[in-house]
Amino acid sequence: MVDNPGFNENSGNSSAGKYIVEQRAQKAKKCCNFLSHFLVLLVFIVGLVGGILIGIYAYHGSISNSLCLNQSYQHTDGQAKTTTIPTPNVEHCPNRNPKDDTPYESTLFAPLTINEMKKVSEILWQRSYITTIDRAPRSLKESFILYMYLHPPKKEDAIKYLYNNGTKPGRYARVHIQRGAEQVPDIMEYKVGPLESISGVTVTPLTSSGEIHFNSRPFDSVEVNALNDILRTDMKALETLMRNSFDGATYPEDLYIFYDNGPPGMKGTERETRFIIGFGTLEDENVLYLLPLSGTVHSPGTNVSEWYPHSYYYLNQGPYRTVSDLLSAYNNNIIRKVRLPAGYRNTLRKKLYPKRDIYLPLREYADQPGARSYMPQGPRFSISGTKVKWMDWSFHISGGQLKGPALFDINFKGSRIAYELAVNDISLVYGMDSSGHNSIVYMDATYGIMGGDTPTTILRDVDCPSYAAVLNTSYWDSAEQKAVDMESICIFEADEQEALWRHYTSSFAGGIRNRHLIVRVPVVIGNYDYTFDFHFYLDGKIYSKGKATGYILSSFWDENNPHAGKDKTRDAFGYRVSDFHTGPIHDHMFGFKVDLDVIDSSNSVEIIHWKAGDILDALRTQSNITQVPPYFIYNQTRYLEYETLQREVGYRLNYDNQKFFVVVNENKRNSWGVKRGYLIAPLATGLLHIFAKAEFRPIGNSYKLRYRYKQLHEEAKMAKEMVTFTNCINIQSDIKQGAQSIPEAHPAMKALSFSKYHISVTKRKEEESFLSSIYDINRLDDPKGYFDLMLDNESIVNEDIVNWVTVGFLHIPTSEDVPMTTRVESGFILKPFNFFDTTASFDMPQYTEDQGKSEREPAFAACIEPKP
């Protein structure tokens, strides 16, 4: 057929044109019918899909639990509008509870339970060890329980039970009793148990009468109440001064008295409690807005009628023997005065609370959910009582009210790595120009590291992911004389979203993701929140660390302070961080007990010195070579020297002269004949030279050596004794730098002596369970449980030894620490050191591409994250 180019529907051929019009009309009618049917079908399909989506939404509940979401956002003037459409046909992730029903009471190292604590208190009441039970003590003349926690079994007994079918040791409590009802009041400690026994429970003294003086005791609520009563009259007398100075504030409506300005005097047989006034802005004590009004209460013994306040200061002006003396100076305009602006105290709550500023626009996309992890097929770890297993790791979780979290019997791939890995203490030393709380020293174990300020310390989805398993522990509340249960430990597997190892070549690519198990314990100690982590890695490493956040302890900023220089924004003790406050410098030192058992308990410590020098210097460490081999292209090299420690010692690390500290088993070797071991590697964060940086070299002349001592900083006057104490091991490293940033002459250094060393090694003894005493901070003139006493020159070769590790950081508070200090951390790593024959992670699925052969980690299907 050929087209007719001359055709025109409007031409004179009418019959042909009519036919064409009719054909088009019929086609249009069919098209309209089709469109109408299509639209009906389309509406039906949309309705059906919409119904399915609504059903899915209703079935799964909150959209927030959905894994697969399509979200669109429209931002207008900082406000976010969100449209969320769930994706259908997504199942919830399979899940299981990793914890079984094994009771704590049946396990060896589990913390004491509420029922066990209650049983102990009843026994002590029935046998007249205490005079108060099931109620708050009302007087210092009563005898009551201060602390109670698990007294672990002897190591020898525990090892026999765990590995040699020995008898299971019983569970015992360690109890501290404040014996105010005795004729000569004191503090006593007892071992009570076995707690499994019905009638055979014994109470064994661990200290002797009078050994711990009553005035060396920690603070308790009874004493605080008595101090408040003593000061009530004086606070009333100071009402006008406080109103005029502190924006109309009065006590106790707006102000409170802060007593934790340790130590309470310099002698353990006396008691001089310093106090300072602060704004009571929150429900608890506020140390961020302390005020320049302070004093001291003479408070020894139990006879409160003999207590009295004295030594008042106002704006560091004093001391005034009595309130009357201070008021006389104030009213007669003899002293400088401070007058806070009107309305100032009404602004403090907003400044103090660490919450989002609703007047600031959100950051871009901040209204969207952040990245998060979940377990697509449930947890890969299990918990029986407090025993945890994960990827060939196993260990028991424990901990006590005073000393903090602890892990026992740590095994990896069937071999024992450590018997105990535990937090022991946290020390802080402050420097500030303040009459009320200058020279503050804290040892946090005195207050109780796992005592808990509230029954629940874990903030879910902040401290730990929502899928973490949570363990409860109990502590003894001395104020109410009862046991308190709290959620305190979380365990979860984490994904670092990075490689544990990787390698890529043109013919091979491989790697494995750095997944690990975390045991995390957040605690609250006054103004600071600490979090302790223990990370277990697939290659056998353990990373232990302490993290600090919370409120800083402030000092009042006095614009006219005569001690300050021309620059009013800072002084010798820190920076101005807010309108009327400075941030005093201080440190945080974490003391850990590291009882490594490399295969078994017979271990030694090797120091590997990392050195640099001539080729012959290196080769002569192994042989009597006299000439440099011709293949060396220049006469300098790095090399190692090996040393086995013979006697107990405390080490300060010097990062100019590196050392490796390795705990080895002399009798167990890998396939290559090398002693199996574990490296202890403290991480350097905020360390400071505490001595003058002097270069020391062996000079073989005692006179010259003593002369070089004189070049040290004034803080190191006792350097000679310190070198003698550490057996003269590497003078340069031992003298130049220490873990602690205060000199030997500091009054608290004996009590804090554990903090002088990064790593110390002692022979293990049951009576040397901790690196500090909770009483020594209150008896600085005569400490009895300090760490240096443990370094008594015993042999540590092929012995059951303990390494004591101190890590920490120095804190110079800045304006970014107000209102809240963000996380600062320090820690150490335990790393296999010739412990295995090869890399220890090749029994795990991994990423592999090898000449056409592929492997990946187990696949998973997209699923909805389980509800917490």
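Just so you know, these numbers come straight off a predicted model, no measurement behind them.
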Participant: Working note: Phe412 + Trp393, criterion side chain to side chain contact (heavy atoms under 4.5 Å, CB included); need CA distance, chi angles, decisive distance, verdict.
Facilitator: CA-CA 5 Å; Phe412 184 54; Trp393 283 102; 3.4 Å; yes
Participant: Quick check: do Gln497 and Arg513 have side-chain heavy atoms less than 4.5 Å from each other?
Facilitator: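 They are in side-chain contact.
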Participant: Scan side-chain atoms only and decide if Asn603 and Glu799 contain a donor-acceptor pair under the 3.5 Å cut-off.
Facilitator: no
Participant: Checking Lys547 side chain against Phe532 main chain: does a donor-acceptor pair fall under 3.5 Å?
Facilitator: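 Side chain of Lys547 to backbone of Phe532: no pair is present.
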Participant: Does Ser826 use its side chain to pair, donor to acceptor, with the backbone of Val807 at less than 3.5 Å?
Facilitator: no
Participant: Using the side-chain contact (heavy atoms from CB on, under 4.5 Å) definition, which of the options Val594, Ile417, Leu679 pairs with Leu830?
Facilitator: Val594
Participant: Show, in sequence, the C-alpha distance, side-chain angles and deciding distance for Glu496 and Arg515, and conclude whether the salt bridge (Lys or Arg N to Asp or Glu O under 4.0 Å) test is met.
Facilitator: CA-CA 6 Å; Glu496 286 288 315; Arg515 292 187 171 92; over 6 Å; no
Participant: If I take atom CD from residue Glu666 and atom CD1 from residue Ile599, how far apart are they, to the nearest 0.5 angstrom?
Facilitator: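 CD1 of Ile599 is found 13.5 Å from CD of Glu666.
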Participant: When you measure from the side chain of Glu648 to the backbone N and O of Asp792, does any donor-acceptor pair fall under 3.5 Å?
Facilitator: yes
Participant: Tell me if the centroids of the rings in Phe536 and Phe395 come within less than 6.0 Å of each other.
Facilitator: yes
Participant: Does any part of the side chain of Val523, heavy atoms only, come nearer than 4.5 Å to the side chain of Thr531, both counted from C-beta?
Facilitator: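 In short, these two side chains do not touch, never coming nearer than 4.5 Å.
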Participant: May I ask you to say whether Asp800 pairs ionically with Lys763, meaning some side-chain N is under 4.0 Å from a carboxylate O?
Facilitator: no
Participant: Test Ser772 against every option in Asn424, Thr446, Asp425 by the side-chain hydrogen bond (donor to acceptor under 3.5 Å, both in side chains) rule and name the one that passes.
Facilitator: Asp425
Participant: Measuring from Tyr419:OH to Asn411:CG, what's the distance to the nearest 0.5 Å?
Facilitator: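 Output value for this atom pair is 12.5 Å.
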Participant: Are more than 12 heavy atoms from other residues, nucleotides or ligands located less than 6.0 Å from atom NZ of Lys168?
Facilitator: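 Counting other residues, nucleotides and ligands, NZ of Lys168 exceeds 12 neighbours.
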Participant: Taking side chain as C-beta onward, heavy atoms only, is Asn803 less than 4.5 Å from Thr762?
Facilitator: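 Asn803 does not reach Thr762 side chain to side chain.
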Participant: Salt bridge (Lys or Arg N to Asp or Glu O under 4.0 Å): which pairs involve residues 394-411, sequence neighbours left out?
Facilitator: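 Listed once each, the pairs would be none.
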Participant: Report the distance from atom NZ of Lys160 to atom NZ of Lys155, rounding to the nearest 0.5 Å.
Facilitator: 13.5 Å
Participant: Does the side chain of Val649 come within less than 4.5 Å of Ser760's, by heavy atoms?
Facilitator: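 No, too far: nothing below the 4.5 Å cut-off.
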Participant: What orientation do Tyr528 and His588 show, parallel under 30°, tilted 30 to 60°, or perpendicular over 60°?
Facilitator: perpendicular
Participant: Quick check: are there more than 12 heavy atoms from other residues, nucleotides or ligands sitting under 6.0 Å from CD of Glu794?
Facilitator: yes
Participant: Between Asp788 and Lys756, is the salt bridge (Lys or Arg N to Asp or Glu O under 4.0 Å) condition met? List the steps.
Facilitator: CA-CA 9 Å; Asp788 275 351; Lys756 292 192 299 186; 2.8 Å; yes
Participant: Is a side-chain N or O of Asp817 found less than 3.5 angstrom from the main chain of Thr821, in a donor-acceptor match?
Facilitator: no
Participant: Does Tyr172 have Lys191 sitting over its ring (NZ/CZ under 6.0 Å from centre, angle to axis within 45°)?
Facilitator: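 Yes, a cation-pi geometry holds between Lys191 and Tyr172.
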Participant: Exactly one of Phe828, Trp804, Phe754 should register a side-chain contact (heavy atoms from CB on, under 4.5 Å) with Phe592. Which one does?
Facilitator: Phe828
Participant: Any carboxylate oxygen within less than 4.0 angstrom of a Lys/Arg side-chain nitrogen, looking at Lys784 and Asp776?
Facilitator: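 No salt bridge links Lys784 with Asp776.
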Participant: Taking atom CZ as the centre, does Phe381 end up with more than 12 heavy-atom neighbours from other residues, nucleotides or ligands that are less than 6.0 angstrom away?
Facilitator: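 Yes - once you tally the heavy atoms of other residues, nucleotides and ligands closer than 6.0 Å, there are more than 12.
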Participant: Report the C-alpha separation of Thr549 and Asp529 in whole Å, then their side-chain angles, then the decisive distance to 0.1 Å, and conclude whether the side-chain hydrogen bond (donor to acceptor under 3.5 Å, both in side chains) test is met.
Facilitator: CA-CA 5 Å; Thr549 179; Asp529 292 50; over 6 Å; no
Participant: Does one side chain, of Asp495 or His516, offer a donor that lies under 3.5 Å from an acceptor on the other?
Facilitator: no
Participant: Scan side-chain atoms only and decide if Ser755 and Thr806 contain a donor-acceptor pair under the 3.5 Å cut-off.
Facilitator: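 There is no such pair (donor and acceptor under 3.5 Å, judged by atom type) between the side chains of Ser755 and Thr806.
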Participant: With under 30° as parallel and over 60° as perpendicular, where do the rings of Tyr757 and Phe787 fit, or are they tilted in between?
Facilitator: tilted
Participant: Flag yes if more than 12 heavy atoms outside Ile812 fall under 6.0 Å of its CD1 atom; otherwise flag no.
Facilitator: no
Participant: So, taking the atom named CG in Asn514 and the one named CZ in Arg502, what distance separates them when rounded to the nearest 0.5 Å?
Facilitator: 13.5 Å
Participant: Do His396 and Phe408 have ring centres separated by under 6.0 Å?
Facilitator: no
Participant: Within the side chain of Arg520, is there an N or O that forms a donor-acceptor pair under 3.5 Å with the backbone of Asp463?
Facilitator: yes
Participant: To the closest 0.5 Å, what do you measure between CZ (Phe660) and CG (Leu640)?
Facilitator: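 Interatomic distance, Phe660 CZ to Leu640 CG, rounded to 0.5 Å: 7.5 Å.
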Participant: Do Lys154 and Glu766 meet the salt-bridge criterion of a basic N to acidic O distance under 4.0 Å?
Facilitator: no
Participant: Report yes or no: is the cationic atom of Arg676 (NZ for Lys, CZ for Arg) under 6.0 Å from the centre of the six-membered ring of Phe835, at an angle within 45° of the ring normal?
Facilitator: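 Positive - Arg676 is close enough to the ring of Phe835 and near enough to its axis.
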Participant: Check whether any side-chain heavy atom of Arg647 lies under 4.5 Å from a side-chain heavy atom of Ile796, and answer yes or no.
Facilitator: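 A side-chain contact is absent here, since even the closest heavy-atom pair is not under 4.5 Å.
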Participant: Heavy-atom count around Lys668 NZ within 6.0 Å, excluding the residue itself: above 12?
Facilitator: no
Participant: To the nearest 0.5 angstrom, please state how far the CG atom of Asp157 sits from the CG atom of Leu162.
Facilitator: 10.5 Å
